[in-house]
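Residue numbers begin at 1 in each chain, while the letters A, B, ... track the order of the sequences.
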2 protein chains.
Amino acid sequence: MELSERKLRILQAIIGDFISSAEPVGSRTLSKNHDMGLSPATIRNEMSDLEDMGYLTHPHASAGRVPSDKAYRLYVDEMMKTHDIPEELKQRISEELGTDAAPDEVAKKAAEILSDMTNMISFAITPSGRESKLLYVNVLPVADRTVVIMIVTDDGKINNTAVRLTTDYTPENLELMSKVMTHNLKGKTVNDILTMNMVQTLETDLRSLASLPQTVIPSFMQTLEKMLDSNLYMEGYSKVFSLPEYSETDKAKEILSLVEKKDHLTNVLVNRDDGLVITIGDENSDDMKDMALITADYRVNGKLVGKLGVLGPKRMRYGEISSVIKYLTDNINRSFEITGDEDDADKEATGAPEETEFEL
Amino acid sequence: MELSERKLRILQAIIGDFISSAEPVGSRTLSKNHDMGLSPATIRNEMSDLEDMGYLTHPHASAGRVPSDKAYRLYVDEMMKTHDIPEELKQRISEELGTDAAPDEVAKKAAEILSDMTNMISFAITPSGRESKLLYVNVLPVADRTVVIMIVTDDGKINNTAVRLTTDYTPENLELMSKVMTHNLKGKTVNDILTMNMVQTLETDLRSLASLPQTVIPSFMQTLEKMLDSNLYMEGYSKVFSLPEYSETDKAKEILSLVEKKDHLTNVLVNRDDGLVITIGDENSDDMKDMALITADYRVNGKLVGKLGVLGPKRMRYGEISSVIKYLTDNINRSFEITGDEDDADKEATGAPEETEFEL
DNA sequence: TATTAGCACTCTGTCTGTTTGAGTGCTAAT
DNA sequence: ATTAGCACTCAAACAGACAGAGTGCTAATA
């Protein structure tokens, strides 16, 4: 059998109705609401065909029809329209994301806005530092026997850890240490430094600094490890209660427990393809088989990838939500692309970079 | 009427039973379960008295009795026992909180442990930086026209923000700037700096650095403002579903929406008295009238106050939960008290502190 | 006089049967 | 090819019956 023009129109109407009502849609109501010049009986016949073709299902004998995963997929691929973003939302986005804040702040804000707009659970993960390149390392004095290791990477993140030493330091020690570490590690990715055993080399180079490296290097490595993690920000989890599919406590519990496993969720998001990705029902992993997930990536400095997403029932306003996500990520990308003039003058300062490609 | 020894015993039994079953407890079951040598009829009479005295209520004519807020209060004040912490929990706490991590990490971990142990929603707020004293300020070169302002305070927090400048800097500029700012602001609290208009003075002192301060000072103030905020970490919100009082969706929604208003919750916690505080039912603000909240503060460097708390139904295992919270906060306090030797040698390094009282 | 047994009464929750409404599928008429 | 009509199905809403757990009161008891 073939998907005639008319079948398509009927299918689209059913999907549309079901998305907004969450009730199985019957032939009679459909013919009333959409006045497509067909009697309920005709529509019934078409519906029956559509069911045979796998686009519709029947919760039970005397209920209306519900779109199948296949139908949603068709809808998303062929029938979905992009929506314009209301002016006030644009305004809000530019206000709250406009300033060049830290990646973490941006992710959090974006998740908030997304949840407000879509009335669903939304989240954002910040980029993993895995592929970010070291710009420079600085070991700074803070107090007696306490120093701070500061690591700056090319994605605009600044990471620091305080380290308590077992021996005294001299400012010259630290300065030298900063220089040696920066010189050896500059341009390498965090991942590289952690996997290739760079520590060996470093420790050799720093042997002259007596016992200092013994306490500083491990902390340095720990800080790097922390930079591998993505942070997950989530918003709007109490919104599920207003959706009929989660009116039963078990269902609500299901989605909320899922979403509380932050590590798992982060994993799912990290492993997703880039670009705007929509997965529906069966296309998801087992624990999301009756949900839909829409995500898009955003980039910091054109390379590191964070993700923004919305999770909810398959009955989703795919068009609107993807438009909003798209708009948001585009906006974030733009705000992180603002690049200053790059007149690589060679500054010589304590542990300062000799040449950089820093963009914020 | 007076609370006889026997009435107390009966009341205690009722509260105990209700806490573990969540069902109104009747005279018959009580006499069975506790074998206190009294017939149901006698117990009924006593119950009736207890009801007259305001310790029990009656959901409806033929239901068992339920403790009133007044009863819980009595229980908490007079009958509650402290519990020993199981060895394995102690172990876990010392493992996960033992290392001297950053305050934020500690708060997060503590909330996790607390939620695991109590099976309730738990949270932790990190101390506001309001009262932390500036140790020193360092303005560091990162790239062309990009510097990082780094602020170190006496509570072990290190805060930094990247700033894009409109003009070029020289390392000497920055060094001088760091020194002037540190000299002027050292020992002052974040709050003081923000309220007393210190900026004026600073800008005058820094006039020699031409246009640099114009871009750096505002960012500096912004960073300080960020330090005023407490962070709220929350865990275990999907646990509410296993509690009978939240089996209805509205009830679950109620508590989860409450808990999603992070700002509000932070406020409630911040404004609470220090020490172990238990508030029950009516003692809470309007939106928590049928819940109980247990909190305790923890200190960083003996002064800054963070809070740890558990929120749930009034039917709470007050004894166990307070014991765990107590143990946790004691532990955190201890881990933040470890103070290194303080042999104030005067180190002269780039922007290094001239004298310090840094404790980690 | 305090305690207890006994009994009538009350309320909730569950179970069952009935009705109603929305829907389908099929067939026969258009 | 389309549609009207009709029998049939199922879920949800409703009402009545019943069991269970409880109370309160009264009268008997130690």
[X] side-chain N/O to [N] phosphate OP1/OP2 under 4.0 Å:
X: A/R28; N: D/dA4; answer: no
X: A/T29; N: C/dA22; answer: no
X: B/R6; N: C/dT3; answer: yes
X: B/T42; N: C/dT4; answer: yes
X: A/S27; N: C/dT24; answer: yes

Which part of the nucleic acid, if any, lies within contact of B/A41, taking any heavy atom under 4.0 Å across all strands shown: a base, the sugar-phosphate backbone alone, or nothing?
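It contacts base atoms.
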On DNA chain C, nearest-nucleotide positions of B/A61 versus B/G37: which is more 5'?
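Nearest-nucleotide comparison on DNA chain C picks B/G37.
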Could you tell me the separation between the [atom1] atom of [X] and the [atom2] atom of [N], rounded to a whole number of Å?
X: A/R44; N: C/dT27; atom1: CZ; atom2: P; result: 14 Å
X: B/E51; N: D/dT23; atom1: CD; atom2: C1'; result: 10 Å
X: A/L50; N: C/dT24; atom1: CG; atom2: P; result: 12 Å
X: A/L38; N: D/dA1; atom1: CG; atom2: C1'; result: 11 Å
X: B/L30; N: D/dT23; atom1: CG; atom2: C1'; result: 14 Å
X: B/H58; N: D/dA21; atom1: NE2; atom2: C1'; result: 11 Å
X: B/N45; N: C/dT4; atom1: CG; atom2: C1'; result: 9 Å
X: B/K7; N: C/dT3; atom1: NZ; atom2: C1'; result: 13 Å

Could you let me know what [N] is paired to, Watson-Crick or G-U wobble, both distances under 3.5 Å, or none if it's on its own?
N: D/dT9; value: C/dA22
N: C/dG17; value: D/dC14
N: C/dT30; value: D/dA1

Heavy-atom check, side chain of B/P24 versus side chain of B/H58, under 4.5 Å:
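SC-SC contact between B/P24 and B/H58 ruled out.
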Does B/K7 reach the side chain of B/D49, with side-chain heavy atoms less than 4.5 Å apart?
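Answer yes - side chains close enough.
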Exercise: do [X] and [Y] side chains pair donor with acceptor under 3.5 Å:
X: A/E260; Y: B/S238; value: yes
X: A/K239; Y: A/S115; value: yes
X: B/T279; Y: B/R272; value: yes

At less than 3.5 Å, do the side-chain atoms of A/S62 and the base atoms of D/dT9 form a donor-acceptor pair?
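Side chain to base: pair found, below 3.5 Å.
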Any N or O donor-acceptor pair under 3.5 Å from the base of C/dG25 to the side chain of A/R65?
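No, no donor-acceptor pair under 3.5 Å.
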